[in-house]
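What follows is one structure encoded as structure tokens, with my remarks underneath.
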Amino acid sequence: MKIKSILQTVLVILLFAGCSKDKDSPTVPEIGNQTPLPKVISVVYSHERSGTYTMSYDKEQQLTAIDIILYQDNNDIHWTAAVEYDAKGSVTRVLLENVDTMDNAYTYDTVFDYDENGNMADIIFTIGGDVKPTTFLYDPDNHIYKLDGDLGNFPMSWGFDQDKHLTEMVISDNYFKLTSSGNEKGVFHNLDSQPALTIWYGLLFYLSPHELYFFHQKDLDRFEADTFYYDYGEKVRDGDGNLIAFKMLPDDPLGVSISYTVSYENY
């Protein structure tokens, strides 16, 4: 009787605990159901240049920080980028700083303003504490954003498809076009697609805009300029279809190929 009484008591406690968890406690997602987001992207050129991008995310699976190490001309260059959002989840600011010097001259602050409909209304671009006078235009019918001013990389424009994925970009006199396959996952497949992130990265002429895969959710086939192009090839995917390695292959056999490796973390 004593053993029976103890077992009954234990069952009641377990039943109560289970009901309490179902009613009051948040469900902890299983690892298999969590979202894989790119954690580290390593980029190696076929000459002496390479880069490593380490991403951090918040509980909303929003990109909050990027730690950037670039190696070129026998030097390591260290940058950090901090990303801020408003209550609606729109990117409002990205602050890029050079860790090596911590010199204010190498601080790039990009602020995005939105109208009451959530459309981007202005971009404020600051270098070393000095606001650069710019003119912002947005064509909602064609999903094109334009920024002009007195910097060497202006005028700039970014064209997106209806799903907010970059399709074309202009940097000064240079035109670039992106073609996606549309049938596979891109590196940032599970990241909320926001033009602000792509625009910010395009503004940073110190960095190579293709190295972060344009924050593209889609699988890319080709990066094309006026006089040359790269094909995305030699793609390797894990068992869940995540892209873990690929190359940008130039149309010129004497051109520079770029190799990527990507690791993911579940959130």
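Along the sequence shown, residues carry numbers from 1.
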Hey, are N183 and S181 close enough side-chain-wise for a donor-acceptor pair under 3.5 Å? yes
For the student: nearest non-hydrogen atoms of Y106 and W79, plus distance: O-CZ3, 3.5 Å
Check whether any side-chain N or O of Y57 sits under 3.5 Å from a backbone N or O of K39 as a donor-acceptor pair, and report yes or no. no
Considering all heavy atoms, the nearest P38-V262 contact: CB-CG1, 4.0 Å
Taking side chain as C-beta onward, heavy atoms only, is T134 less than 4.5 Å from I124? no
ILVMFWY cluster, L151 and Y108 together (side-chain gap under 4.5 Å): yes
Short side-chain donor-acceptor distance under 3.5 Å, Y114 and N117: no
D58 side chain to E60 backbone, donor-acceptor under 3.5 Å: yes
Kindly state each residue pair satisfying salt bridge (Lys or Arg N to Asp or Glu O under 4.0 Å) with at least one member in residues 75-92, sequence neighbours excluded. E84-R93
What distance separates I66 CD1 from T54 OG1, expressed to the nearest 0.5 Å? 10.0 Å
Check the pair V43 / Y45 against side-chain contact (heavy atoms from CB on, under 4.5 Å), numbers first and verdict last. CA-CA 7 Å; V43 186; Y45 290 70; 4.0 Å; yes
Relative to the ring of Y145, is the ring of F160 parallel (under 30°), tilted (30 to 60°) or perpendicular (over 60°)? perpendicular
Do Y85 and F188 sit in one hydrophobic cluster, given that two such residues count as connected whenever their side-chain heavy atoms are within less than 4.5 Å of each other, even indirectly? yes
Heavy-atom distance under 4.5 Å between the side chains of V131 and F125, does that happen here? no
Full working for side-chain contact (heavy atoms from CB on, under 4.5 Å) between N98 and T107: CA-CA 7 Å; N98 186 291; T107 297; over 6 Å; no
With sequence neighbours excluded, residues passing side chain to side chain contact (heavy atoms under 4.5 Å, CB included) with V236: I244, A245
Evaluate the side-chain contact (heavy atoms from CB on, under 4.5 Å) criterion for residues Q61 and L37: first the C-alpha distance (whole Å), next the side-chain angles of each, then the deciding distance (0.1 Å), finally the verdict. CA-CA 8 Å; Q61 299 178 2; L37 291 167; 4.0 Å; yes
Is any side-chain heavy atom of T179 closer than 4.5 Å to a side-chain heavy atom of L220? no
Drop me the distance from S42's OG to Y260's OH, to the nearest 0.5 angstrom. 11.5 Å
Examine V94 and I77 and state if one hydrophobic cluster contains both, with Ile, Leu, Val, Met, Phe, Trp and Tyr joined whenever side-chain heavy atoms are less than 4.5 Å apart. yes
Non-hydrogen side-chain atoms of L178 and H216 separated by less than 4.5 Å: yes
Suppose the criterion is salt bridge (Lys or Arg N to Asp or Glu O under 4.0 Å): which pairs have a residue in residues 213-223, not counting sequence neighbours? D161-K218, D219-K235, D219-R237, D221-K235, R222-D231
What about F112 and I127, same hydrophobic cluster or not, with Ile/Leu/Val/Met/Phe/Trp/Tyr joined at side-chain heavy-atom distances under 4.5 Å? yes
N242-H189 side chain donor-acceptor pair, cut-off 3.5 Å: no
State which residues pass side chain to side chain contact (heavy atoms under 4.5 Å, CB included) with D130; sequence neighbours excluded, sorted by chain then number. K132
Do the ring planes of F176 and F228 sit parallel (below 30°), tilted (30 to 60°) or perpendicular (above 60°)? perpendicular
Extract all donor-acceptor atom pairs below 3.5 Å that involve side chains of residues 136-144 and protein atoms in other chains or at least two apart in sequence.
{"from": "D139", "atom 1": "OD1", "to": "D141", "atom 2": "N", "distance (Å)": "3.2"}
{"from": "D139", "atom 1": "OD1", "to": "N142", "atom 2": "N", "distance (Å)": "3.4"}
{"from": "D139", "atom 1": "OD2", "to": "N142", "atom 2": "ND2", "distance (Å)": "2.7"}

In the structure I gave you, are the side-chain heavy atoms of L249 and Y230 within less than 4.5 Å of one another anywhere? no
Can you confirm whether more than 12 heavy atoms, excluding those of K185, are under 6.0 Å from its NZ atom? yes
What's the shortest heavy-atom distance between S208 and R49, and which atoms? OG-NH2, 3.0 Å
CG-CG distance between D109 and L95, expressed to the nearest 0.5 angstrom: 5.0 Å
Do P250 and S257 have side chains that approach each other closer than 4.5 Å (heavy atoms only, starting at C-beta)? yes
dist N266:CG -> T35:OG1 (nearest 0.5 Å) comes out at 8.0 Å
To the nearest 0.5 Å, what is the distance between CG (L147) and OG (S157)? 10.0 Å
Measure across S193 and H165 and return the closest heavy-atom pair with its distance rounded to 0.1 Å. OG-CD2, 3.5 Å
Begin with the C-alpha distance, continue with both residues' side-chain angles, and end with the deciding distance and a verdict on side-chain contact (heavy atoms from CB on, under 4.5 Å) for I258 and V44. CA-CA 6 Å; I258 310 171; V44 178; over 6 Å; no
Over all heavy atoms of both residues, which pair between W158 and G202 is shortest? Give the atoms and the distance, please. NE1-CA, 4.1 Å
Are L63 and L191 close enough that some pair of their side-chain heavy atoms sits under 4.5 Å apart? yes
Would you compute the distance between atom CD1 of I68 and atom NE2 of H78 and round it to the nearest 0.5 angstrom? 8.5 Å
Taking the side chain as C-beta and beyond, is there a heavy-atom pair between M156 and N153 under 4.5 Å? yes
Between Y53 and E211, does any side-chain donor sit less than 3.5 Å from a side-chain acceptor? yes
So salt bridge (Lys or Arg N to Asp or Glu O under 4.0 Å) across residues 250-266, not counting sequence neighbours, yields none
Do you reckon Y267 sits in the same ILVMFWY cluster as M55, going by side-chain contacts under 4.5 Å, direct or chained? yes
Could you report the tightest heavy-atom contact between L96 and W200, atom names first, then the distance? CD1-CZ2, 4.2 Å
Assess, by modelled atom type and distance only, whether the side chains of E97 and T80 contain a donor and an acceptor separated by less than 3.5 Å. no
Ion pair check, E234 and K247, cut-off under 4.0 Å: yes
Should the pair F246 and Y232 be assigned to parallel (<30°), tilted (30 to 60°) or perpendicular (>60°) ring geometry? tilted
Taking CG in D150 as the centre, count heavy atoms belonging to other residues, nucleotides or ligands within less than 6.0 Å. Is the count above 12? no
Centre-to-centre under 6.0 Å for F223 and F214, is that the case here? yes
